[in-house]
Amino acid sequence: MYDREQLHRLIREKALRFGQFTLASGRTSTFYLDCKQVTLDPEGARLIGEGFLDLLSESRPDAIGGLAIGADPITAAVVTMSAVRKTPIRGFMVRKEPKGHGTGQFIEGPVFPGDRVAIVEDVITTGGSALKAIERAEAYGLKVVQVLGIIDRLEGGSEEFRRRGLPFATLFTIRDFGIELV
């Protein structure tokens, strides 16, 4: 099923870059993880879908999703692999801006108030994107029961989720790639 070493190799080869970067949080960094290079890769998507299914808490959520667009391929991978494993989990998307027509919702997909959901993200730094997704999901009436990420940069996001009482897990931390924060 989930081959952690193969996913590690794909991330190292396709997503990890060194240089000077400004992150979504506004912080600067000497490394960047462009996980879309892996989440949109066929093998990477399969491995991430399988890995996230393994990370889900024993009380499996009704649905999984996160902030568009970074969470969208992750959501699709998990939904697809859940069907393959015959443990179906629905998916949803959280828009950055409300839809300009129709219902004008932030939340898209087959979810309903009261559903138990997991929020997914590719790279967790401060947790800002996942926190925005949590806020919008809860405003819609969803019950967030877990937060998952591909990689934790170990820069405060995990502490914020734990402070809010949300179980949090990632497939990797930056230490798994030999990177230590100074």
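For the numbers below, each heavy atom of this structure counts, side chains included, while hydrogens, waters and symmetry mates do not.
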Enclosure of Lys14 NZ (heavy-atom neighbours >12, cutoff 6.0 Å): no

Is [X] salt-bridged to [Y], going by a charged N under 4.0 Å from an acidic O?
{"X": "Glu159", "Y": "Arg163", "result": "no"}
{"X": "Arg9", "Y": "Glu5", "result": "no"}
{"X": "Arg17", "Y": "Asp34", "result": "no"}
{"X": "Asp176", "Y": "Arg4", "result": "yes"}
{"X": "Arg95", "Y": "Glu97", "result": "no"}
{"X": "Glu135", "Y": "Lys132", "result": "no"}
{"X": "Asp152", "Y": "Arg175", "result": "no"}

Hey, what's the ring geometry for Phe161 with Phe168, parallel, tilted or perpendicular (30° and 60° as the breaks)? tilted

Which pair of non-hydrogen atoms, one from [X] and one from [Y], has the smallest distance, and what is that distance?
{"X": "Ala45", "Y": "Ala77", "answer": "O-CB, 3.2 Å"}
{"X": "Leu40", "Y": "Pro73", "answer": "CD2-CB, 3.6 Å"}
{"X": "Ile151", "Y": "Thr170", "answer": "C-CG2, 4.2 Å"}
{"X": "Phe92", "Y": "Ala63", "answer": "CD2-CB, 4.0 Å"}
{"X": "Ala137", "Y": "Ile119", "answer": "CB-CD1, 4.3 Å"}
{"X": "Glu121", "Y": "Ala130", "answer": "OE1-N, 3.8 Å"}

Roughly how far apart are [X] [atom1] and [Y] [atom2], rounded to 0.5 Å?
{"X": "Asp122", "Y": "Gln37", "atom1": "CG", "atom2": "CD", "value": "11.5 Å"}
{"X": "Glu160", "Y": "Ile134", "atom1": "CD", "atom2": "CD1", "value": "9.0 Å"}
{"X": "Ile48", "Y": "Leu148", "atom1": "CD1", "atom2": "CG", "value": "12.0 Å"}
{"X": "Ser29", "Y": "Ile179", "atom1": "OG", "atom2": "CD1", "value": "7.5 Å"}
{"X": "Ser82", "Y": "Leu53", "atom1": "OG", "atom2": "CG", "value": "6.0 Å"}
{"X": "Phe177", "Y": "Ile11", "atom1": "CZ", "atom2": "CD1", "value": "4.0 Å"}

Start with the C-alpha distance between Thr87 and Arg60, add both sets of side-chain angles, then the distance that settles side chain to side chain contact (heavy atoms under 4.5 Å, CB included), and finish with yes or no. CA-CA 9 Å; Thr87 56; Arg60 192 155 293 224; 3.4 Å; yes

Checking the side chain of Asp62 only, and the main-chain atoms of Arg116 only, is there a donor and an acceptor separated by less than 3.5 Å? yes

Between Arg27 and Glu155 (side chain of the first, backbone of the second, donor and acceptor by atom type, cut-off under 3.5 Å), is there such a pair? yes

Salt bridge (charged side-chain N to carboxylate O under 4.0 Å, His left out) assessment of Arg85 paired with Asp54: CA-CA 11 Å; Arg85 287 188 179 184; Asp54 289 352; 2.9 Å; yes

Hydrophobic cluster membership, [X] vs [Y], 4.5 Å side-chain cutoff:
{"X": "Phe21", "Y": "Val123", "answer": "no"}
{"X": "Phe112", "Y": "Val144", "answer": "no"}
{"X": "Phe172", "Y": "Val120", "answer": "yes"}
{"X": "Leu16", "Y": "Leu23", "answer": "no"}
{"X": "Ile69", "Y": "Val94", "answer": "no"}

Taking the ring centre of each residue, are Phe106 and Tyr140 less than 6.0 Å apart? no

Any Gln20 side-chain heavy atom under 4.5 Å of Thr30 side chain: yes

Compare all side-chain heavy atoms of Pro61 with those of Leu56 and state whether any distance is below 4.5 angstrom. yes

Full working for side chain to side chain contact (heavy atoms under 4.5 Å, CB included) between Arg90 and Asp115: CA-CA 10 Å; Arg90 292 174 274 133; Asp115 280 350; 2.9 Å; yes

Find out whether the Lys NZ or Arg CZ of Arg153 is both under 6.0 angstrom from the six-membered ring centre of Phe31 and within 45° of the ring's axis. yes

Please step through side chain to side chain contact (heavy atoms under 4.5 Å, CB included) for the pair Phe52 and Leu171, ending with a clear verdict. CA-CA 7 Å; Phe52 272 40; Leu171 297 172; 3.5 Å; yes

Could you walk me through whether Met93 and Thr75 pass the side chain to side chain contact (heavy atoms under 4.5 Å, CB included) check? CA-CA 8 Å; Met93 299 181 301; Thr75 300; 5.8 Å; no

Among Ile64, Val79, Thr39, find the one that has a side-chain contact (heavy atoms from CB on, under 4.5 Å) with Ile74. Thr39

